[in-house]
Participant: 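Right, I'll just put the structure down here and ask away after.
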Number of protein chains: 2
Amino acid sequence: MRYDIAIIGTGPAGISAAITGKIRGKSLLLFGNADLSEKISRAHRILNYPGLPDISGQELAENLKKHLQSMDIPVTQERVGAVYAMGDYFALQAGTSMYESRSVILASGVMHGKALAGEKELLGRGVSYCVTCDAQFYRNKTAAIISYNRETEPEADFLAEIAEKVYYFPMYENPPRVSDKVHVMQENPVAVKAMACEPEDLGTVKLEGVQTDSSLLEVDGVFIMRDTVPAHQLVPGLAMNGNHVAVNLKMETNIPGCFACGDITGTPYQYIRAAGQGNTAVLSAVAWLAAQDRKEK
Amino acid sequence: MRYDIAIIGTGPAGISAAITGKIRGKSLLLFGNADLSEKISRAHRILNYPGLPDISGQELAENLKKHLQSMDIPVTQERVGAVYAMGDYFALQAGTSMYESRSVILASGVMHGKALAGEKELLGRGVSYCVTCDAQFYRNKTAAIISYNRETEPEADFLAEIAEKVYYFPMYENPPRVSDKVHVMQENPVAVKAMACEPEDLGTVKLEGVQTDSSLLEVDGVFIMRDTVPAHQLVPGLAMNGNHVAVNLKMETNIPGCFACGDITGTPYQYIRAAGQGNTAVLSAVAWLAAQDRKEK
């Protein structure tokens, strides 16, 4: 099935987009956590969401969840690892599945917390954000997964079927439920390290392994799985404005059919701004779909 | 007193701006109706204000009103007729008063309903939107007020003290409460008419009077008082984008210290979009005030 609109993210931006998209009769894919963005739930008090005076983050999350449920909008609990513009549609790699959608709305927020030392430099040289995309490169090799997101556990199992050895660093509280083939690590990763190399080899610097607080774990590849894949990694060719997706007032990105809203588009990081932009983004997507339909006739 | 931020409009955009402005500790003027934007109250069902599933316009208006009250934000029930950029502050003419504010947020929505025939052509040539601004030109002359807004009634009384004769066309339901000096008209205005003139006089075309459904009422001036003064009339020098105020993603207009949000900035006309933009606009105003403070030091 090819959906009309795929929405990535279940914060206020993604939820707002989904609600209005549903009202406009579009087929939707909403990717995220069924418990909604953890970031909302963690907020202590929210004073400035107009119409809901002085509520807790937990209450706002509950209200948004009820709103989705009242409109029969399901959440697809898979983490989107890559979005490819295929011309007249988008292919989305999520978990171990592939989805198709005519348009895409990026509402996955911003990455909080710093990148690991060496992460940026080694990206594409042993560091990856997408198991499904890159698992094949580690057949009969060793790889590590540093995961901030419990929902990546099936991807660890999948990787363990291909790679010779998989180390898994769970960066969340409860113990991970992964297959016996996956080696769960207790150490804390502090950096990804490059092999020492001669100056003339700088252009071909390669990963040596994961530096933890107690040792260096040598691996061929490292997957870093956060709640949010950096937008420019998620969508090849996406124009950025610093660390944020470049959009105009219609929430259009540089890629036709691809829109963005919420924190991913920049500051101020505010729930009500995100909800408003989500509404604008989905109505722009609806207008874009209508324009495509007219072209095809 | 010079306020930090003057907000014009009590729809979701203006209210959102006021709430966040108050949280940021700024002194505020919020101009509008204490019963909030009539437009919200008139909405039948609102399905897509995230967090408030399926509410009536009346309920949303009540929720927003309670939010304002819970934060002790009063509404100044005067209609702003003109905003002048004075260099390091703005002067706002509202009703028969003058206010000062360091920054301004335009959130007064869009004018619904068509302009009267002849209105645009005769603007500034006998047609005006601001009694306080232009009453002085009608000393010992006759003038008409076509009013869509009950709150302009004190302005009619004020005009009657200056002009020789004032005709008042109430375009709302209940009978107006104006002084005996004001002639309340029962006829419906259909156009403002220019005097017949020779072709070589086209550049100096002047008002003849108000054409009603039954007669031509000769007057020297006509004041047309809608809920919303067209933005480019309200703020001299304001850059427009068609019928909307031109803004960037920070909700900045071309005038430093002047921001805009909500329907006034363009489509889609949606409550949640307006609320989101109001938040962005006021945070931009807060940042702008801080930058001005740094400059002054």
Side-chain angles (χ1 to χ4, degrees), chain A residues 11-24 40 46-55 59-71 241 244 246-251 261-262 265-284 286-287, chain B residues 11-24 40 46-55 59-71 241 244 246-251 261-262 265-284 286-287:
Chain A
I15 289 170
S16 180
I19 289 168
T20 294
K22 175 89 179 192
I23 290 172
R24 294 297 297 268
I40 309 177
I46 299 163
L47 300 173
N48 69 342
Y49 194 95
L52 294 170
D54 195 11
I55 52 169
E59 285 169 309
L60 178 59
E62 282 301 317
N63 280 7
L64 295 175
K65 196 172 170 177
K66 277 183 201 154
H67 204 151
L68 280 184
Q69 286 167 346
S70 75
M71 302 189 75
N241 183 0
H244 298 111
V247 291
N248 60 19
L249 281 165
K250 297 275 179 204
M251 302 299 128
C261 50
T265 70
T267 55
Y269 299 146
Q270 298 272 309
Y271 299 121
I272 192 66
R273 169 185 177 274
Q277 288 196 345
N279 173 284
T280 302
V282 80
L283 289 174
S284 293
V286 167
Chain B
I15 290 170
S16 180
I19 290 167
T20 294
K22 176 90 180 192
I23 290 171
R24 293 299 297 267
I40 310 177
I46 299 164
L47 299 173
N48 69 342
Y49 194 95
L52 294 171
D54 195 9
I55 52 168
E59 285 168 309
L60 179 58
E62 281 302 317
N63 281 8
L64 294 176
K65 196 171 168 176
K66 276 182 203 153
H67 204 151
L68 279 185
Q69 286 167 348
S70 76
M71 302 189 73
N241 184 0
H244 297 113
V247 290
N248 61 17
L249 282 165
K250 297 276 179 203
M251 303 298 128
C261 51
T265 70
T267 56
Y269 299 146
Q270 298 272 310
Y271 299 121
I272 192 64
R273 170 185 177 275
Q277 289 196 345
N279 174 284
T280 302
V282 80
L283 289 174
S284 294
V286 168

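Sequence lines set the chain letters: A, B, ... in the order given, protein chains first and strands last, and positions in each chain run from 1.
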Participant: Which heavy atom of A:Pro268 sits nearest to which heavy atom of B:Leu283, and what is that distance?
Facilitator: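 The pair with the smallest heavy-atom distance is CB-CD1, 3.5 Å.
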Participant: Which bit of B:Thr265 is near chain A, if near means a heavy-atom gap under 4.5 Å: side chain, backbone, both or neither?
Facilitator: neither
Participant: Which atoms of A:Lys250 come close to chain B, meaning under 4.5 Å heavy atom to heavy atom: side chain ones, backbone ones, both, or neither?
Facilitator: side chain
Participant: Would you say that B:Cys261 contacts B:Thr280 through its side chain, given a criterion of any heavy-atom pair below 4.5 Å between the two side chains?
Facilitator: no
Participant: Tell me, please, which residues at least two apart from A:Glu59 pass side chain to side chain contact (heavy atoms under 4.5 Å, CB included).
Facilitator: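 For A:Glu59, the residues satisfying side chain to side chain contact (heavy atoms under 4.5 Å, CB included) (neighbours in sequence not counted) are A:Arg45, A:Ile55, A:Ser56.
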Participant: Among A:Asp54, A:Leu60, A:Leu52, single out the residue with the greatest number of heavy-atom pairs under 4.5 Å to chain B.
Facilitator: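 Most heavy-atom pairs under 4.5 Å with chain B: A:Leu52.
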Participant: Where does A:Ser16 contact chain B at under 4.5 Å (heavy atoms): side chain, backbone, both or neither?
Facilitator: both
Participant: Heavy atoms, side chains only, cut-off 4.5 Å: are A:Arg24 and A:Val282 in contact?
Facilitator: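 Answer no - side chains too far apart.
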Participant: Which heavy atom of A:Leu47 sits nearest a heavy atom of B:Ile19, and at what distance?
Facilitator: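 The answer is O-CG2, 3.7 Å.
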Participant: Rounded at 0.5 Å granularity, tell me how far CG in A:Leu68 sits from CD1 in A:Ile15.
Facilitator: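 So the gap between those two atoms works out to 5.0 Å.
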Participant: Measuring heavy-atom distances to chain B, does A:Tyr271 have an atom under 4.5 Å in its side chain, in its backbone, in both, or in neither?
Facilitator: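 Neither part.
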Participant: Measuring heavy-atom distances to chain B, does A:Ser284 have an atom under 4.5 Å in its side chain, in its backbone, in both, or in neither?
Facilitator: neither
Participant: Under 4.5 Å, counting heavy-atom pairs only, tell me which of B:Gly276, B:Pro50, B:Gly278, B:Ala274 racks up the most with chain A.
Facilitator: B:Pro50
Participant: Is it the side chain or the backbone of B:Ile23 that comes within 4.5 Å of chain A heavy atoms, both, or neither?
Facilitator: side chain
